[in-house]
Every structure is written in C-alpha cells, then in structure tokens.
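Values in this document were obtained by computation on a predicted structure and should not be read as measured data.
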Amino acid sequence: MNARIKNCLFFILFAYFHFPALCQDVPTAELRAHDPVMVEAEGRYYLFTTGRGIAVWSSSDMKYWKKEPAVFSNAPEWVSEVVPGFRNHIWAPDIFAHEGTYYLYYSVSAFGKNTSAIGLATSTSLDPSAPDYGWKDQGLVIRSVPGRDLWNAIDPNLIMDEEGSLWLSFGSFWSGLKIVELEKDFKTVKKGPDSWFSIARRARSFTTEDRSAGEAALEAPFIFKKNGFYYLFVSFDYCCRGEKSTYKVMVGRSEDVRGPYRDQNGKSLLEGGGSLVVKGNENWHGVGHNAAYTFEGTDYLIFHGYDASDEGRPKLLIRNVQWTAAGWPEVIL
C-alpha cells in the first residue's frame, strides 16, 4: 500500500471517529433545522432551511439526511444594497417545482427590522452530481423598507391556483401577512388593485408614529390546497428564543386563494382568528414555521421545534396530518 493511499485511509478513519457528521447521515430527530421546506425529486427528498447560503439536506426516506452544498457560497450581489453588512445567513426559503425548473424563494433581513427582501433562485436539478445542477440567482422579487412599509418582506411561500395564477404569500409581525400575484416569470409582482391582499393579522397597539414590529406575533404563511379549500397555516407567538420560544401553528381556510381565511368558528384570520394545529409541550418549548405536502398519498407537516432535551436547540419535525370529518387538519406532536 503506497503512502498516498495510507494517508487517504487515515483521513477517512480520522473523520469517521472525530467528525461523524461528515461520514454518516443525520437522523431526523438530531437534525438541527430552522424554517424547513421540502420537495421530492428523482427518488429523493430535498430539505432547504435557514442557514448560511441556505442549508440543504437530502434523504431517500425522510429518516436520515445527507448534507448537501449550500445554495449560495456567497450572498447575491444585490443583497448588500438592501441589507447593509449582510453575512449570507439566509432565512426561510420556499421551494416550488414547475415544468422541469425548481424555484427557490428566500429571505434576507436585518433581525427585528423590516429592512428585508425576498429573492429568487432557479435550477433545473437538485442533485449536485447532475451535469445541469447549479443555482442561478434571479434577483429581487419584493422589498420592504422601514419608515415606508408596515409589512415585512420575509417568509415567502408560492402557490399556483386552479387557473394557473401564481400567488406569493409572505410576512411577519407589523400589519400582518400579505399575498401578491406574480407574473408568469415567477418574479414580477403584478400591478393593479386585484393583485395585492392582506390575509392574516393580529391585534396590536399602533399609532402613525409607531413603525416597529409591535407585539402582534404572527408570521410564516404556508398555503396548502386540499378538497376544494386553500388552507392557510401560520405561526403565532415567538420563535428563536430557545427554551423561551412559544411558537404554535394555527390554520384557517378559504375557497379563494386571496381569502378571506376563516377558522373553525368562522372568525377571519384578519381579525386574529385561527384554529390550533399543533403547539409545544414538555418535550418541545415551541413548534412552528411549517410547510405542508402530500408525498405518496400521505399528508405531512414539516416544521421545527425547540428541543427541551437539548437546551432549546431547533430540530426538524416531520408529522402526519390527520383530517377531521369537517375537513380540518390535526397534528400529534
């Protein structure tokens, strides 16, 4: 055995015993993740989460996950103009597949401010070993500016309605969650009064002088179509506080993607309504920022929770969605 082979074997063994994450897939229960979304492609599931350059994982069974290259090795050039000093820690992506192209929306922001924007990247493959793999940034989709806007351009989610129109929902705190119609390029916001709607908000103290986020903790819209209804999942209360997190997932539904969305009692989500889907317990300090999908005939809720057994660190959670006789989603944590 020559010296080069010996050195390679030494490195592999060293990495295996000292850095097992480099050599072994990570089980779902141990995968640290924030704001997860998922898509199935060519027999694998691809998970995208908040992280440096957008963190990516893949799995054949949704039980063990392989780390993949980040989407961006460096932040897109346009971002520094929107968020000065941005360090490539990109939030809350959303993935959408259509006619052979993957559309990845993502958030850039200054924490606690609505100095924010949603961007778009595209690729024709998710497999890093494929010859056509490679993310191409398409630039800015929508931007919020402090002092000008009373909404926050983060937490995007794209849905195509039954007529083939594209709708992007987004938002966090401030005056609540919005939905806008996009042109067929998946990027340009349509102009006109019928292209922009509010879909959820919570009561907050508010004056014309108060341009802060406020105390109305609401964010992370995700719209899921089932049985003639659009279900709007949202996250109430507070994320990102470890053991002090109070996140929970609420839902309303509408026959129109634009709303109004109402809960089981008929209360509009624009009036603070929402029916509980899942909340934290003794094992999870808070759970939220969900996505919902149907894979192989089963409905899943993909979300994160703050692990009480691991100092409140955020972990990936995957749970089956059950539906009541009246057509409302329920999730057992």
Side-chain angles (χ1 to χ4, degrees), residues 21 24-40 44-51 54-68 90-95 107 154-157 172 217-224 226 231-251 274-324 328-333:
Q24 301 175 12
D25 289 350
V26 179
T28 295
E30 297 177 15
L31 198 157
R32 293 185 62 175
H34 219 270
D35 314 327
V37 293
M38 195 183 298
V39 68
E40 185 180 16
R44 291 190 72 80
Y45 299 95
Y46 289 85
L47 182 76
F48 298 82
T49 74
T50 289
I54 306 176
V56 185
W57 301 79
S58 73
S59 172
S60 61
D61 56 10
M62 289 194 288
K63 296 179 180 178
Y64 293 89
W65 297 88
K66 173 188 175 184
K67 191 74 172 70
E68 302 288 2
I90 299 176
W91 299 353
D94 184 53
I95 186 73
S107 312
I154 65 170
D155 296 357
N157 171 241
S172 174
L218 165 70
E219 59 190 6
F222 193 97
I223 299 176
F224 179 68
K226 187 177 180 69
Y231 289 85
L232 171 60
F233 293 89
V234 300
S235 293
F236 275 17
D237 301 335
Y238 294 94
C239 80
C240 316
R241 301 184 179 194
E243 61 186 17
K244 295 182 179 180
S245 300
T246 55
Y247 242 9
K248 59 186 175 185
V249 177
M250 311 292 285
V251 72
S275 296
L276 180 67
V277 178
V278 62
K279 65 178 181 179
N281 56 24
E282 67 276 9
N283 299 315
W284 300 97
H285 297 297
V287 296
H289 205 116
N290 78 277
Y293 305 103
T294 302
F295 296 128
E296 298 183 2
T298 300
D299 295 334
Y300 294 94
L301 201 75
I302 314 296
F303 55 116
H304 74 257
Y306 299 93
D307 190 348
S309 68
D310 192 13
E311 301 180 342
R313 291 185 173 90
K315 301 288 182 63
L316 174 65
L317 292 166
I318 301 174
R319 298 291 187 271
N320 290 1
V321 180
Q322 306 298 325
W323 297 88
T324 69
W328 289 95
E330 294 181 335
V331 171
I332 297 174
L333 187 57

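Considering all non-hydrogen atoms of both residues, E282 and A308 come closest at O-CB, 3.4 Å. Heavy-atom minimum distance, D35 versus P93: O-CD, 3.9 Å. Heavy-atom minimum distance, N283 versus N281: N-OD1, 2.8 Å. Of all the heavy atoms in V249 and G288, the pair that sits closest is CG2-CA, 3.7 Å. Annotation for A291 and V37: closest pair CB-CG1, 4.1 Å, computed over non-hydrogen atoms.
Under a cut-off of 6.0 angstrom, the local environment of OH in Y293 is crowded, with over 12 non-hydrogen atoms contributed by other residues, nucleotides or ligands.
Side-chain contact check for W91 versus I154: some heavy-atom pair is nearer than 4.5 Å. In this structure, the side chains of I332 and R319 stay at 4.5 Å or more apart for every pair of heavy atoms. Put simply, the side chain of L301 reaches to within 4.5 Å of the side chain of V278, judged on heavy atoms. The side-chain heavy atoms of L317 and I302, taken from C-beta on, include no pair separated by under 4.5 Å. Between P329 and F233 there is a side-chain heavy-atom pair separated by less than 4.5 Å. No side-chain heavy atom of K67 sits less than 4.5 Å from a side-chain heavy atom of D25. Looking at L218 and S235, their side chains never come closer than 4.5 Å, going by heavy atoms from C-beta outward.
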Practice task
Apply the test side chain to side chain donor-acceptor pair (under 3.5 Å) to residues E219 and Y247: give CA-CA distance (whole Å), side-chain angles for both, the deciding distance (0.1 Å), then the verdict.
Solution key: CA-CA 10 Å; E219 59 190 6; Y247 242 9; 2.5 Å; yes

Exercise for the section: Kindly determine whether V56 and L47 satisfy side chain to side chain contact (heavy atoms under 4.5 Å, CB included), including the steps that lead there. Expected result: CA-CA 6 Å; V56 185; L47 182 76; over 6 Å; no

Exercise for the section: Could you walk me through whether I54 and T49 pass side chain to side chain contact (heavy atoms under 4.5 Å, CB included), step by step? Expected result: CA-CA 6 Å; I54 306 176; T49 74; over 6 Å; no

Practice task
Start with the C-alpha distance between R241 and H285, add both sets of side-chain angles, then the distance that settles side chain to side chain contact (heavy atoms under 4.5 Å, CB included), and finish with yes or no.
Solution key: CA-CA 9 Å; R241 301 184 179 194; H285 297 297; over 6 Å; no

Exercise for the section: Go through the steps to decide whether S58 and W65 satisfy the test side chain to side chain donor-acceptor pair (under 3.5 Å), and finish with yes or no. Expected result: CA-CA 5 Å; S58 73; W65 297 88; over 6 Å; no

Exercise for the section: Kindly determine whether M38 and F295 satisfy side chain to side chain contact (heavy atoms under 4.5 Å, CB included), including the steps that lead there. Expected result: CA-CA 10 Å; M38 195 183 298; F295 296 128; 3.7 Å; yes

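The CG atom of N157 sits 4.5 Å away from atom CG of D94, with the distance rounded to the nearest 0.5 Å. With values rounded to the nearest 0.5 angstrom, K248 atom NZ is found 7.5 Å from F236 atom CZ. Rounding to the nearest 0.5 Å gives a distance of 12.5 Å between CE of M62 and CZ of R44. Atom CD1 of residue I318 and atom CG of residue L31 lie 8.5 Å apart, to the nearest 0.5 angstrom.
When the side chain to side chain contact (heavy atoms under 4.5 Å, CB included) test is applied to E330, the partners found at least two apart in sequence or on another chain are T324. Applying the salt bridge (Lys or Arg N to Asp or Glu O under 4.0 Å) test to K315 and every residue at least two apart in sequence or in another chain returns D307, D310. Take N320 and apply the side chain to side chain contact (heavy atoms under 4.5 Å, CB included) test, not counting sequence neighbours, and it matches T298, Y300, Q322. Applying the salt bridge (Lys or Arg N to Asp or Glu O under 4.0 Å) rule to D299 yields the partners K226; only residues at least two apart in sequence or on another chain are considered. Not counting sequence neighbours, the partners of E311 by the salt bridge (Lys or Arg N to Asp or Glu O under 4.0 Å) test are R313. Legend: residues meeting side-chain hydrogen bond (donor to acceptor under 3.5 Å, both in side chains) with S245, ordered by chain and number and at least two apart, are absent.
Looking at T246 and D237, their side chains never bring a donor and an acceptor atom within 3.5 Å of each other. No side-chain N or O of S275 forms a donor-acceptor pair with one of W328 less than 3.5 Å apart.
In this structure, the side chain of S59 does not engage the main chain of Y45 through any donor-acceptor pair within 3.5 Å.
For an aromatic pair to be called close, the ring centres must be under 6.0 Å apart, and H34 with F303 fails this.
Between Y306 and H304, the ring-plane angle classifies as perpendicular under the 30° and 60° cut-offs.
Screening F222, F224, W323 for a ring-ring contact (aromatic ring centres under 6.0 Å, His included) involving Y231 leaves a single residue, W323.
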